[in-house]
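What follows is a set of notes on a single structure, which appears directly below.
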Amino acid sequence: MVPMEDKNFIRRIIEEDLKNNKHERPITRFPPEPNGLLHLGHARAIIMNYVLAKDYGGKFYLRFDDTNPITEDTLFIEGIKRDVAWLGCEWDELRYASNYFERMYELAMHLVRQGKAYVDDLSAEQIREYRGDLKTPGKESPYRERSIEENIDLFRRMRAGEFADGEKVLRAKIDMASPNMNLRDPVIYRIQHTPHHNTGEAWCIYPMYDFAHPLEDAIEGITHSLCSLEFENHRPIYNWFVEHTEVENQPRQIEFGKLKIADQVIGKRNIRKLVEAGIVDGWDDPRLITLSGLRRRGVPPAAIHDFIRALGLPKSEGETELSMLDEYIRDHLKTSARRIHAVLDPIKVVITNYPEGQSETLSAAYNRENEALGSRELTFSDTLYIEREDFLEEKPNKKWKRLSLGLEVRLMHAYFIKAERVEYDDEGRVETIYATYDPRTKSGSGFKERKPNGTIHYVDARTARPAEFRLYQDLMLDTDEQRPITERVDADSKQVRHGFIESGVDIQERERFQFVRHGYFVADDDSEKNRPVFNRTVALKSSFKPKK
RNA sequence: UGGGCUAUAGCCAAGUGGUUAAGGCAUCGGACUUUGACUCCGACACCGGUGGUUCGAAUCCACCUAGCCCAGCCA
């Protein structure tokens with residue numbers, strides 16, 4: 001699975017612009033509002049902005065669009081920075097829209113002086129009524145024709161804090177009859193006596209998105225301002241402000257389709273409900289596709305890059321299945337992760353013909369596909385653990401490639417063993433399997449006289465390390481948006497197993513492993529010295545279809 | 001007839017008048033296998049519909065259908 005070069009229409013636009021010397025190099029930006037956490041959907045905007053700039057020798061900025069003090073929080077700023085950095089999209093500059101408040105005010109005043117903006121005394125409700133609706137044109141505000149002098153004076157006094165919240169707004173004078181609702185004299189400044197995380201008490205008026213965004217882009221010299229499709233209707237205003245404020249740079253807004261992932265909980269409100277209901281373990285729960293959740297799940301950022309690039313940058317909006325990401329994750333971990341033995345649900349095996357109390361070590365490569373990862377010593381003794389699901393007293397069908405009574409399997413990297421009899425516990429469950437091993441079948445010996453009924457993995461019970469395994473399944477049960485989120489979710493989507501991993505493997509912080517025959521796992525921060533905890537990142541693919 | 005946009009397989013997506021209509025995911029076969037993994041081989045599209053232009057249309061035109069976005073002093 002080789003990720004192809006992404007072809008997309010924006011790439012073509014940039015190449016065209018460079019060819020025509022419209023720009024020396026592209027400058028792009030990712031402009032989040034610090035009012036929430038980032039999820040996989042944002043990864044498209046982050047990575048594409050980054051890649052498109054970097055591929056053409058340009059620059060990429062991270063800019064916080066912090067123009068609304070009542071919804072924003074510095075906590076999110078740190079979270080967003082961490083997530084963008086985790087994706088490896090190193091920003092050339094970190095910017096804040098709020099650093100341009102003074103300049104924006106001047107530009108608004110410029111509009112006022114040109115007679116292109118006016119102070120409106122209408123209430124919010126009145127403005128809504130005057131705006132008309134989708135099919136009827138709006139009416140002009142009675143304050144629309146105030147003199148320029150009066151507007152200048154009023155706007156100054158708005159800034160000076162002479163008015164209460166909502167008492168007045170500054171509006172662009174465009175066209176109340178426009179079929180594009182956004183052009184019906186959009187509000188560009190509102191009064192908000194709220195301290196700002198960055199500017200503190202310096203301002204009581206704050207610019208609106210439609211006004212602020214194009215100017216932020218222009219001030220920073222952004223060449224290609226990428227945003228999602230819902231802003232297509234805003235492009236005319238974007239251009240209107242760029243033109244009429246007469247800013248030096250003329251950024252170009254280009255819209256692309258948002259990345260949506262099928263069957264995932266993504267809304268802030270919904271996630272909060274699940275967190276509060278205790279169904280998930282926080283915003284970084286591995287079942288969530290928040291970037292922090294993906295990180296905790298062990299997803300390599302490079303896999304997200306490949307996934308995003310493979311999807312390209314379309315103008316259509318669909319829902320991508322997460323299985324596609326899973327495949328990129330496996331692809332990255334396939335050769336990079338050490339592959340070791342873990343038994344998640346152990347059952348004891350006693351080797352009756354192995355010298356009691358004795359043990360031996362067997363050398364095993366960490367990853368046959370990547371010798372650079374080296375090898376380790378596995379121990380073998382008369383008492384082992386194998387996976388409970390790898391044993392069935394009677395072979396159920398001829399496809400069964402695991403252990404059964406009277407059958408012989410290979411223990412990976414060790415010997416063939418043959419199950420002879422079992423002992424049950426009080427509940428009738430198999431407690432111990434008694435087996436014999438054949439010393440001639442030692443791994444690497446080239447023994448060919450018999451074919452085992454499959455290969456399974458094991459750990460040596462005498463040396464195995466206890467470990468906790470957290471297995472995650474799809475959180476979402478159904479996508480009926482009418483029903484409350486807490487009912488649409490699988491409360492059992494997280495399963496915790498207590499088992500063992502082989503001894504002697506040094507586990508680095510957040511290291512990713514392949515647990516042979518199970519899948520890819522990452523060491524969780526909850527790990528303790530004597531009890532590592534692993535999250536399953538993604539299971540191995542399997543063509544095994546149990547039939548009943 | 002408010003305006004803007006989108007439509008290629010179960011999912012994503014190339015394709016910009018001449019191709020057997022890329023590729024990935026998923027699925028289904030098969031080979032190989034000390035991971036039922038990996039790898040390898042094979043299968044899998046009447047391009048939303050209908051007409052038209054053209055020697056030739058997924059690509060151009062017309063009409064139609066379906067879906068998305070817009071009536072925050074949110075972004």
Side-chain angles (χ1 to χ4, degrees), chain A residues 1-4 6-9 12 31-33 35 65-68 70-72 120 122-124 127-129 131-138 165-171 178-184 186-192 205-206 208-210 212-213 227-236 255 257-259 262 306-307 310-312 314-328 330-331 334-335 339 341 364 368-369 399-402 409-414 416 441 443-444 452 454-457 514-519 539-546:
Chain A
M1 192 172 60
V2 184
M4 321 162 307
D6 59 296
K7 313 175 209 172
N8 64 65
F9 74 103
R12 269 197 287 273
E33 184 189 14
N35 70 345
D65 209 358
D66 54 350
T67 57
N68 184 359
I70 65 177
T71 57
E72 294 157 10
D120 197 343
L122 255 28
S123 69
I127 286 178
R128 194 186 330 117
E129 284 161 22
R131 187 151 33 222
D133 62 33
L134 295 178
K135 292 189 180 172
T136 47
D165 291 3
E167 203 177 327
K168 288 183 169 29
V169 290
L170 185 71
R171 292 231 253 170
S178 172
N180 182 343
M181 301 289 292
N182 299 120
L183 258 19
R184 321 248 259 227
V187 172
I188 61 182
Y189 266 93
R190 76 284 213 181
I191 298 169
Q192 186 65 250
I205 57 171
Y206 293 95
M208 299 285 291
Y209 171 86
D210 280 325
H213 207 88
C227 64
S228 49
L229 251 24
E230 72 256 38
F231 291 101
E232 273 180 317
N233 294 327
H234 295 247
R235 197 186 331 134
E255 311 84 12
K258 263 186 177 147
L259 168 60
D306 285 349
F307 171 68
L311 293 175
K315 279 203 78 165
S316 55
E317 270 184 316
E319 288 199 329
T320 299
E321 293 169 350
L322 208 56
S323 61
M324 197 162 159
L325 206 217
D326 288 343
E327 202 41 25
Y328 282 99
R330 292 188 196 98
D331 191 53
K334 184 168 60 195
T335 50
R339 318 215 287 210
H341 292 190
R368 286 178 203 276
E369 296 177 55
K399 292 242 182 187
W400 177 254
K401 305 228 315 234
R402 307 181 185 185
V409 294
R410 182 198 304 278
L411 292 183
M412 199 184 290
H413 296 126
F416 289 12
T441 59
S443 177
T455 300
I456 64 174
H457 60 98
Q514 182 194 118
F515 292 157
V516 155
R517 301 208 307 132
H518 282 296
L540 252 26
K541 280 204 278 196
S542 172
S543 56
F544 177 51
K545 288 162 217 72

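As a basis for the values below, the full set of heavy atoms in this structure was taken, side chains included, without hydrogen atoms, waters or symmetry mates. Residue numbers start from 1 in every chain, and the chains themselves are labelled A, B, ... in the order their sequence lines are given, proteins ahead of strands.
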I'd like to know if E255(A) and R235(A) make a salt bridge, using a cut-off of under 4.0 Å between side-chain N and carboxylate O. yes
If the glycosidic angle sits within 90 degrees of zero it is syn, else anti. Tell me which applies to rG48(B). anti
Parallel, tilted or perpendicular, as decided by the 30° and 60° cut-offs, for the rings of H457(A) and H341(A): perpendicular
Whole-Å gap separating [atom2] ([N]) and [atom1] ([X]):
| X | N | atom1 | atom2 | value |
| --- | --- | --- | --- | --- |
| R339(A) | rC38(B) | CZ | P | 10 Å |
| F9(A) | rA13(B) | CZ | P | 12 Å |
| H518(A) | rG36(B) | NE2 | P | 11 Å |
| E230(A) | rU6(B) | CD | P | 15 Å |

Determine the contact category for T71(A): base if any of its heavy atoms lies under 4.0 Å from a base atom, sugar-phosphate if only primed atoms, P, OP1 or OP2 are that close, otherwise nothing. nothing
Is Y209(A) stacked on the base of rA75(B) when the test is centres under 5.5 angstrom and planes under 30 degrees? no
cation_pi(R171(A), Y189(A)) dist<6.0 Å, angle<=45: no
Provide a list of protein-nucleic acid N or O atom pairs under 3.5 angstrom, restricted to nucleotides 28-32 of chain B.
none

RNA chain B: 5'-proximal contact among N8(A) and V169(A) (nearest heavy atom): N8(A)
